[in-house]
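To start, the structure under review is shown below, and the notes come after it.
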Amino acid sequence: MNIFRYFRAKLADVLSEMTAAGELPEGLNTDRAGVEPPRDPSHGDITTNAAMVLAKAAGMKPRDLAQLLAARLLAFDEVETAEIAGPGFINMRLADEFWRDRLTEILKAGTAYGDSALGGGAKVNVEYVSANPTGPLHVGHARGAVVGDALASLLEKAGYDVTREYYVNDAGAQVDALAWSAYFRYLRALGAEIDETEFAKLCPGGELQYRGEYLKGVGKALIEEYGDKLADRDEVHGEWTIRSVEDWLPTVRAVAIDRMMDLVRQDLAVLGVEQKVFTSERELVERGGVDEALDLFAERGLSYTGVLDPPKGKKPDDWEPRPQLLFKASEFGDDVDRPLKKSDGSWTYFATDVANHWDKYRRGFSSMINVWGADHGGYVKRMQAAVKAVTAGEGELDVKLCQMVNLMDGGKPVKMSKRAGKFVTLRDVVDEVGKDVVRFIMLTRKNDAHLDFDMQKVTEQSRDNPVFYVQYAHARIRSVMRKAQELFDAGAIAPETLAKANLDDLTDTDELALIRNMASWPRTVESAAEAHEAHRIAYYLYDLASQFHALWNKGNEDASLRFLIPEQNELTIARLAMIQGVAFVIASGLKVFGVTPVEEMR
RNA sequence: GCGCCCGUAGCUCAGUCGGAUAGAGCGCAUGCCUCCGAAGCAUGAGGUCACAGGUUCGAAUCCUGUCGGGCGCGCCA
């Protein structure tokens with residue numbers, strides 16, 4: 001139960017009562033009246049701005065209206081006090097009993113606490129990673145993977161029907177370059193003595209783009225399946241020669257992409273990411289998806305053949321005007337119209353991506369979320385414009401841009417050279433620090449802020465490491481529960497039993513404050529889901545964990561505040577119920593992150 | 001030149017639909033372990049929310065402009 005939503009409903013009742021009594025005018029718009037936590041807890045448990053927002057329309061002074069509202073709100077059993085403060089806030093304090101009931105609710109729900117019906121089962125598509133299938137994933141991809149995956153889980157928790165999707169860019173120049181690079185490995189594996197720089201000259205762009213060791217496997221796989229059929233051997237000199245492109249490239253490309261996608265899937269599995277739908281750009285093109293989408297543009301008069309102005313501020317050295325098929329993106333909020341066809345007549349990446357989103361819409365997703373690297377920022381407007389155009393305004397696309405991850409080791413940046421094919425892979429990092437640490441840390445910043453990832457700091461066992469601190473809280477609770485088995489039967493301290501326990505002994509201010517914080521978990525889930533911001537969960541968990549640790553520490557000074565008090569069974573049971581509640585809420589949050597709560601620290 | 005993102009404590013960052021006296025960690029200062037819950041804890045100092053206007057009961061938050069940083073800007077994805 002989202003307590004703020006609960007009291008917002010009560011406020012609505014009060015407002016309609018007042019309208020019926022003639023104290024408020026008919027047809028008052030009450031949308032802006034909300035029930036929220038006060039900024040300062042000393043003001044109370046919940047607060048409403050209703051009097052201030054409605055005063056003008058009601059023709060009353062805010063504080064006068066607040067008086068009337070407060071009197072009626074006070075009539076509810078749960079509301080202990082209702083005071084007017086500042087410009088017209090109504091601060092309410094809720095009965096201790098109400099909070100203890102929330103704890104009972106948590107114990108009944110377990111890790112399902114915080115589940116919400118907010119989404120109402122609406123379908124949402126979250127597309128993330130979507131890295132080119134040209135090699136293993138590196139650390140940068142890890143952030144997008146985790147951000148997308150956690151956002152998907154968060155939306156599921158908030159009641160949406162979520163599909164996790166990966167768009168495979170298996171058409172276009174990049175995968176052709178991959179095929180060339182794989183072909184080189186194939187020829188080498190056949191035993192051909194081909195010089196790398198000589199071969200590079202034959203490649204498109206005169207460069208052998210992918211030189212990592214990981215392509216050796218593709219070369220071998222090609223030999224296993226096709227033997228030497230993809231190359232010719234000069235009978236006289238015994239040298240291997242390259243066949244014409246159309247004879248080998250489609251085959252090599254297909255095998256290489258297949259292999260690379262296996263690699264990508266394995267890397268994602270290591271991170272605990274499992275996407276359900278893999279949409280192939282090539283298949284989309286082959287089954288006419290692009291033609292369909294662009295026909296739609298043509299029908300609606302949203303495309304035309306024209307010439308773009310040269311980009312300003314950039315040296316137009318090799319620029320020359322060329323007529324292209326353009327999409328009227330500027331009619332949908334973009335700055336200029338965008339090309340759908342290249343000068344050679346083939347589709348641009350944008351055109352196929354329009355088809356991709358059109359396809360998603362037809363599969364029933366009017367709500368779509370894409371997670372991209374920040375370097376794709378310039379692409380957002382045109383894609384949103386395209387989604388609006390292709391769905392006739394019914395579809396909505398939110399793009400989460402992930403900023404760079406600065407990989408560090410003991411305060412020093414880890415050097416990565418993409419040119420030499422030496423970059424730190426996702427797998428390297430996961431092997432080093434573990435999946436849970438990577439996942440949690442990737443969510444400790446807003447997606448659009450730079451993130452420092454220090455391999456040493458993230459495994460440090462100290463308060464400034466949020467992963468440790470949150471996990472430690474959970475482990476401490478599990479440890480107390482284990483110890484409690486020396487005092488009670490396992491059945492007596494099982495969550496189902498604790499849910500029935502008498503909690504009246506929970507009277508300490510810090511204990512009640514802890515319960516209040518737990519009770520704000522459903523609201524945290526809902527607001528984070530609405531904002532599409534999973535990182536808020538990390539801050540909530542850190543906050544809850546430190547509140548728990550503070551209470552634990554008080555037990556050092558004052559033995560009467562400890563969780564296990566010998567000879568005082570009822571009090572101890574109540575406190576066990578409380579910390580079990582904390583463990584559930586932490587586990588519930590970690591589940592959203594795909595992080596396993598630990599039983600003990602090692 | 002244009003567009004997008006960002007600018008909050010010495011440092012790294014939170015900040016809920018616009019809400020009251022702007023928060024956390026690190027660092028700093030002070031106090032606290034012969035044992036019973038210290039892989040530490042408690043308390044405190046520290047701010048022109050980049051700057052200047054505007055919107056209103058109320059602005060770190062919304063709008064306009066300026067300054068500073070990052071990213072992007074036809075035939076790459």
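These numbers were taken from a predicted model, which means no experiment stands behind them. Order of the sequence lines sets the chain letters (A, B, ...), proteins ahead of strands, with each chain counted from 1.
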* From the options A77(B), C57(B), C41(B), select the nucleotide whose nearest atom is closest to the side chain of Q174(A). => A77(B)
* To do: For the residue pair H535(A) and Y539(A), categorise the inter-ring angle as parallel (less than 30°), tilted (30 to 60°) or perpendicular (more than 60°).
  => perpendicular
* **Atom-pair distance (CD on Q547(A); P on A24(B)), nearest Å** => 13 Å
* Asked: Is the base of A24(B) touched by the side chain of Y539(A) through a donor-acceptor pair closer than 3.5 angstrom?
  -> no
* Asked: N553(A) has an atom CG; how far is it from atom C1' of A39(B), in whole Å?
  -> 12 Å
* **Row check, F4(A) ring normal vs R523(A) NZ/CZ: under 6.0 Å, within 45°** => yes
* Proximal nucleotide (of G25(B), A77(B), A39(B)) relative to the Y542(A) side chain -> G25(B)
* Are H549(A) and Y469(A) an aromatic pair by the rule of ring centers under 6.0 Å? -> yes
* **Per D375(A) side chain, nearest of listed nucleotides C71(B), G74(B), G15(B)** => C71(B)
* **Distance flag, aromatic centroids of Y128(A) and Y167(A), threshold under 6.0 Å** => no
* Asked: Rounding to a whole Å, what distance do you find between M383(A):CE and C4(B):C1'?
  -> 17 Å
* Can you check the M404(A) CE to G72(B) C1' distance for me, whole Å? -> 14 Å
* A60(B) and G7(B): how far apart are their P atoms, nearest whole angstrom? -> 14 Å
* Within the structure shown, what part of the strands sits under 4.0 Å from K446(A) by heavy-atom distance: base, sugar-phosphate, or nothing? -> sugar-phosphate
* **Nearest-neighbour nucleotide for the D464(A) side chain, C26(B), G3(B), C6(B) considered** => C26(B)
* Assess K342(A) against W347(A): is NZ or CZ under 6.0 Å from the centre of the six-membered ring, and within 45 degrees of the ring's axis? => no
Please tabulate the protein-to-nucleotide N/O contacts below 3.5 Å involving nucleotides 19-21 of chain B, giving atom names and distances.
residue, atom, partner, partner atom, Å
A20(B), OP2, R39(A), NE, 3.1
A20(B), N6, T47(A), OG1, 3.0
A20(B), N6, N91(A), OD1, 2.6
A20(B), N1, N91(A), OD1, 3.3
A20(B), N1, N91(A), ND2, 2.9

* **Carboxylate-amine/guanidinium proximity below 4.0 Å for E396(A) and K388(A)** => no
* **Pairwise C1' distance, G46(B) and U30(B) [rounded to whole Å]** => 15 Å
* Check N447(A), L451(A), V147(A) against M442(A) for a side chain to side chain contact (heavy atoms under 4.5 Å, CB included) and give me the one that passes. => L451(A)
* So which nucleotide from A39(B), G25(B), U12(B) ends up closest to the side chain of M601(A)? -> A39(B)
* Expressed as a whole number of Å, how far does the C1' atom of A14(B) sit from that of A77(B)? -> 34 Å
* Structure fact -> On RNA chain B, more 5' by nearest nucleotide between L451(A) and S462(A) is L451(A)
* Per the atom types in the model, does the base of C13(B) pair as donor or acceptor with the side chain of R445(A) at under 3.5 Å? -> no
* To do: Send over the distance from F453(A) CZ to C13(B) C1', rounded to a whole Å.
  => 17 Å
* To do: Could you tell me whether H535(A) contacts a base, only the sugar-phosphate backbone, or nothing, with contacts defined as non-hydrogen atoms closer than 4.0 Å?
  => sugar-phosphate
* May I ask you to decide if A33(A)'s main-chain N or O and R8(A)'s side chain share a donor-acceptor pair within less than 3.5 Å? => yes
* Atom-pair distance (OH on Y469(A); P on A38(B)), nearest Å -> 13 Å
* Any chance you could encode RNA chain B as dot-bracket? Rule is Watson-Crick or G-U wobble with both distances under 3.5 Å; [ ] for pairs crossing earlier ones, | for another strand. => (((((((..((((.....[...)))).(((((.......))))).....(((((..]....))))))))))))....
* To do: Round to the nearest Å and state the distance from D543(A) atom CG to U16(B) atom C1'.
  => 13 Å
* Under 4.0 angstrom, heavy atoms only, what part of the nucleic acid is R463(A) near: base, sugar-phosphate, or nothing? -> sugar-phosphate
* Asked: Hey, is the main chain of S330(A) close enough, under 3.5 Å, to the side chain of D337(A) for a donor-acceptor pair?
  -> yes
* Asked: In whole Å, what separates the C1' atom of A52(B) from that of C5(B)?
  -> 22 Å
* Side chain of T524(A), backbone of S520(A): donor and acceptor closer than 3.5 Å? -> yes
* To do: For RNA chain B, find the residues of residues 335-353 of chain A with a heavy-atom distance under 4.0 Å and give them by number; none if there aren't any.
  => D335(A), P339(A), K342(A), S343(A), Y349(A)
* To do: Without swapping roles, check the side chain of Y540(A) against the backbone of V525(A) for a donor-acceptor pair under 3.5 Å.
  => no
* To do: Apply side-chain hydrogen bond (donor to acceptor under 3.5 Å, both in side chains) to the pair E460(A) and N465(A), showing each step before the final yes or no.
  => CA-CA 6 Å; E460(A) 229 165 59; N465(A) 179 3; over 6 Å; no
* Separation of the C1' atoms in G15(B) and U21(B), to the nearest angstrom -> 15 Å
* Structure fact -> Looking only at A14(B), U56(B), G70(B), the nucleotide nearest the Q403(A) side chain is G70(B)
* Structure fact -> Here the distance between atom C1' of C13(B) and atom NZ of K457(A), to the nearest Å, is 12 Å
* To do: Compute whether any side-chain donor of one residue and acceptor of the other, for N2(A) and E526(A), lie under 3.5 angstrom apart.
  => yes
* **Check: E127(A)/S130(A) side-chain N/O donor and acceptor closer than 3.5 Å** => yes
* **C63(B) to C41(B) separation - P atoms, rounded to the nearest Å** => 41 Å
